[in-house]
Each structure stands twice: as C-alpha cells, then as structure tokens.
Number of protein chains: 2
Amino acid sequence: MPTALDRTDKALLAALQGNARLTVAELAESVSLTTSPCWRRVKILEESGIITGYQAVLSPKELGYGVTAFVSVMMESHSQEVARKFEQRLLEIPEIIACHNVSGRYDFLLEVVAKDLESFGEFAREVLQALPAVKEIYSSFSYKSVKPRRVVPVIG
Amino acid sequence: MPTALDRTDKALLAALQGNARLTVAELAESVSLTTSPCWRRVKILEESGIITGYQAVLSPKELGYGVTAFVSVMMESHSQEVARKFEQRLLEIPEIIACHNVSGRYDFLLEVVAKDLESFGEFAREVLQALPAVKEIYSSFSYKSVKPRRVVPVIG
DNA sequence: GGTGAAAGCGAGGACCA
DNA sequence: TGGTCCTCGCTTTCACC
C-alpha cells in the first residue's frame with residue numbers, strides 16, 4: 001500500500017503538516033520546483049490517500065474546554081455485535097474527540113473534552129457509563145499536552 | 001479566556017475543521033455572508049488563538065506505519081526537573097506523535113507509530129526504556145481507530 | 001519526470017452604511 | 001457589525017520538453 005515517496009514528496013508532506021494553507025507557489029519554492037509539478041504532486045498525494053484531508057486545529061482551552069481526559073473502557077462482552085453498536089454510538093458523541101479499539105486490560109481508549117471536572121463527572125456518569133455493554137471505565141486527566149500537534153513522521 | 005462566539009463563528013470553525021482549504025468565498029457562502037466580513041472573522045479567530053493552525057492530515061497506514069501504540073509511562077520521581085528533562089527529550093522523538101502528562105497510575109501517555117510490531121518492540125526497548133527516569137512502561141496497541149479525525153466540538 | 005504561459009478567481013484591504 | 005469594489009497574485013490547466 002505505501003506508495004514510493006521521494007525526498008520531494010516527503011518535503012511537501014512535512015510542509016503541509018506544518019501549514020495546510022501554504023499556497024502551491026510557496027510549496028513549490030520550498031522544494032525548488034515550479035508550481036505545475038508541485039501542484040501535480042500534491043494532487044497525487046491527496047488521491048493516493050496519503051493526505052486524507054486538511055483541518056483547522058482548534059484550541060480546546062480557548063473554546064472553553066478546561067479538561068481533557070483519557071478514558072479506558074472495558075466491555076462486558078467481546079462479540080462483534082457489541083463492539084459495532086458501541087463504536088456506532090461513540091461516533092455520535094462530540095465530546096469524544098478520539099477513540100481507539102485497543103489491546104490490553106481495556107478495550108477502548110477514548111479522548112474526551114469537557115468544560116471542567118464537574119461537567120466531566122456528569123458526562124462520565126450519564127453518558128459514558130450508560131453506553132451499551134460497558135463493564136468498567138477508568139479515567140485519567142491530562143495535566144498538560146506535551147506534544148500538542150500530532151505530526152506523523154515522514155522522514156524514515 | 002474563551003471569547004464570545006456567535007453562531008456564525010461556530011459555523012466557520014466547524015467548516016474549517018472539516019476542510020482547512022476552503023476558500024473565503026466558499027466559507028462566506030456557507031454562512032450567508034460576503035467575503036470581507038467572513039475573512040475578517042477568520043482572521044480574528046486566528047489571532048485570538050482559537051484557530052491554532054492548519055494541518056494536512058496524513059494517513060499513518062499509507063506512510064508505512066502499521067502499528068499505532070499507546071504507551072503509559074511511570075516515572076521514578078515526580079520532581080519538576082525530571083519531568084522537564086523527560087518532556088524535552090520526548091519532543092525530539094518523531095515516532096511519538098502525541099504526549100500528555102496525566103493523572104492516575106501512570107505519569108505520561110504517549111501515542112507512538114511504528115512500521116510493525118517488531119520495530120515497535122525495538123523502539124520500546126531502545127528508545128522508550130532508555131528515556132531518563134523511566135520506571136515502568138505499559139503498551140497497548142490500537143486495533144482500529146474508531147474516530148480517526150479529531151474534531152473539537154464547537155456547538156455548545 | 002520537468003517548464004512556461006494564459007485565464008480566471010480568490011485574498012486582502014480601503015472605504016462606506 | 002456587514003457590504004461593495006478594486007487590485008494583485010495565485011491557482012489551475014494548458015501545450016510542450
């Protein structure tokens with residue numbers, strides 16, 4: 001699946017991870033190309049699924065979310081059906097900003113934002129615990145985001 | 001800190017979280033404004049720190065990273081100095097794509113990408129365990145990203 | 001793979017209601 | 001606040017090397 005990327009493609013990916021609003025002209029200059037081939041490369045990276053989209057990165061703090069929590073969820077059953085229902089339900093809950101089905105003691109790891117600890121408590125009790133087939137949850141709060149910007153390495 | 005956002009600002013934020021490359025003209029139409037006031041609003045959202053940046057979202061899979069792991073790290077000490085050194089060191093390691101200082105049994109939660117399980121094992125042994133003042137690590141692997149795109153809710 | 005050029009459109013600002 | 005108009009530069013797509 002991984003398409004062969006040359007040095008130029010990697011430089012473009014790194015640049016666009018840093019700033020998705022760079023113009024093709026700026027990108028082209030940064031990799032010493034003219035705009036046309038640069039534009040074509042970006043299109044190929046988009047169509048091949050390497051670039052899955054472009055996103056404005058928002059500050060949870062500035063939006064009034066003082067609390068970021070990581071919630072580990074243990075399920076009562078491990079049937080396909082239970083997992084499918086659970087996942088479907090998660091997608092509808094905007095406070096859950098990320099979710100992985102994971103190995104280990106717990107089955108899911110959720111990242112949740114809330115206004116403050118009190119509203120997180122309410123959310124945990126009334127929304128998370130009420131999710132189908134949840135056996136146990138364990139919450140861990142983020143004191144500080146040490147790497148706030150998720151950047152996938154392209155060099156290597 | 002949270003600036004007062006009206007319905008239009010929220011719509012702009014939602015649109016830009018969905019697609020950071022929307023033109024101002026497209027944005028303006030989606031919120032029934034003309035380009036100038038729309039452009040001004042976006043600038044204000046950027047300057048106020050609500051929009052912290054624009055990022056191309058890349059697919060770890062397509063870049064050859066078959067493994068995403070969540071690594072919980074317990075430290076030997078909880079001194080400021082130890083934490084500071086540890087955090088500084090983390091920032092230099094590109095495979096660690098996210099990191100939070102957290103409450104609970106463990107002190108840090110890292111998100112790590114690797115080519116495959118074997119290379120993750122090597123990374124855990126040679127890089128993670130070798131970090132300063134690490135007492136214990138616990139790794140959990142992602143079988144599947146249920147919510148691949150982190151979107152901070154703006155309605156509320 | 002790369003260049004250069006043309007047409008159309010958007011960004012960004014000055015100014016008014 | 002929002003709207004109009006204007007200009008410059010960029011995007012996008014040619015044909016071609």
Using atom types as modelled and distance alone, determine if a side-chain donor or acceptor of [X] lies under 3.5 Å from a backbone N or O of [Y].
{"X": "B:E26", "Y": "B:T23", "value": "yes"}
{"X": "A:R149", "Y": "A:G18", "value": "yes"}
{"X": "A:S142", "Y": "A:A69", "value": "no"}

So which one's nearest nucleotide on DNA chain C is more toward 5', B:T23 or A:R41?
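The residue mapped nearer the 5' terminus is A:R41.
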Under 4.0 Å between a side-chain N/O of [X] and OP1 or OP2 of [N], yes or no?
{"X": "B:W39", "N": "C:dA11", "value": "no"}
{"X": "A:T34", "N": "C:dT3", "value": "yes"}
{"X": "A:R40", "N": "C:dG2", "value": "no"}

Classify the angle between the aromatic ring planes of B:F86 and B:F108 as parallel (below 30°), tilted (30 to 60°) or perpendicular (above 60°).
tilted
Once you apply a heavy-atom cut-off of 4.0 Å, does B:R21 come out as touching a base, just sugar-phosphate, or nothing?
nothing
base_contact_polar (C:dG4 base, A:S36 side chain, donor-acceptor, <3.5 Å)
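Flag set: donor-acceptor pair detected.
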Identify which nucleotide among C:dG12, C:dT3, D:dT11 has an atom closest to any side-chain atom of B:K43, counting heavy atoms from C-beta outward.
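Between C:dG12, C:dT3, D:dT11, the one nearest the side chain of B:K43 would be C:dG12.
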Return the 5'-most residue of the pair A:E26, B:T8 with respect to DNA chain D, ranking by each residue's nearest nucleotide.
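Taking each residue's closest nucleotide, the earlier one in sequence belongs to B:T8.
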